[in-house]
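Throughout, protein chains are lettered first and strands after them, A, B, ... in sequence-line order, and every chain is numbered starting at 1.
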Amino acid sequence: MNLFRLFGDLSHLASILILLHKIQTTRSCRGISFKTQALYVTVFVARYLDLFYDWVSLYNFSMKVFFISSSIYILYLMKVRFRPTHDPSIDTFRAEYLVGPCVVLALIFNYKFTFPEVLWSFSIFLESVAILPQLFMLQRTGEAETITTHYLAALGAYRALYIPNWIYRYFSEGVVDPIAVIAGLVQTALYVDFFYVYFTKVLQGQKFELPA
Amino acid sequence: TKPVTHHDEL
């Protein structure tokens, strides 16, 4: 464990807490893509099922349990509790266009052709693009509540912080994980546009609005 | 470098 990874994980944790806070306080899931949230459940379940047979640490175990349970809880909030506030007509990105190619990529690129390893690869690939329905929705509506942008910023910062973590691990442990690194770079790159508007507008106290 | 998988990461 190093500070980059710790802060990356804490940022990931924070993003979920911000999202839960947004939904609970506004009693609405307006502006949140259900498809992206459903993809995250898929990602966490596919990757973290090893918590039943592979012990890493208490930290690792608790985080996995938290990510799986909170993401499922968010789906419940969106589909059941605050269902009327979710508008599927603007959440139109075709998620199957993401899942399909990720399955194919995982079958080709994995560290071992076993079920858990292919699932692991699949989850890494899917995570890298799972934010696309959300970003697409943002693009369509052209604006977002400030709290939603904080959620996205924390989520983007998480994978961005993993990059220095991998560089650190390369030098300190001599290990490199090409699948995670390449997918992580893609994942972070997808946030570039968002971060530009976030830094130049939201953090200056303005509303998140995309140029028409 | 050995291509080790970081399955200890989240």
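Between A/Phe66 and B/Leu10, every side-chain heavy-atom pair lies at or beyond the 4.5 Å cut-off.
Contacts between A/Phe44 and chain B at a heavy-atom distance below 4.5 Å are absent for every atom of the residue. With a threshold of 4.5 angstrom between heavy atoms, A/Asn165 approaches chain B through side-chain atoms but not through N, CA, C or O.
One finds the CG atom of A/Asp54 at 8.5 Å from the NE2 atom of B/His7 (value rounded to the nearest 0.5 Å).
Between A/Asn60 and B/Asp8, the shortest heavy-atom distance links the atoms ND2-O, 2.9 Å.
Here A/Arg169 is the residue among A/Arg169, A/Met1, A/Arg5 with the most heavy-atom pairs under 4.5 Å with chain B.
A salt bridge is defined here as a Lys NZ or Arg NE, NH1 or NH2 lying under 4.0 Å from an Asp or Glu carboxylate O, and B/Glu9 with A/Arg47 fails to meet this definition.
Counting non-hydrogen atoms of neighbouring residues, nucleotides and ligands closer than 6.0 angstrom, the CG atom of A/Asn2 exceeds 12 such neighbours. Within a 6.0 Å sphere centred on CZ of A/Phe4, other residues, nucleotides and ligands contribute 12 heavy atoms or fewer. Remark: A/Tyr97 OH is loosely packed, at most 12 non-hydrogen atoms of other residues, nucleotides or ligands lying under 6.0 Å away. Shown here is A/Tyr53, whose OH atom has more than 12 heavy atoms of other residues, nucleotides or ligands within 6.0 Å. For A/Lys79, the NZ atom counts as densely surrounded, since its 6.0 Å shell holds more than 12 non-hydrogen atoms of other residues, nucleotides or ligands.
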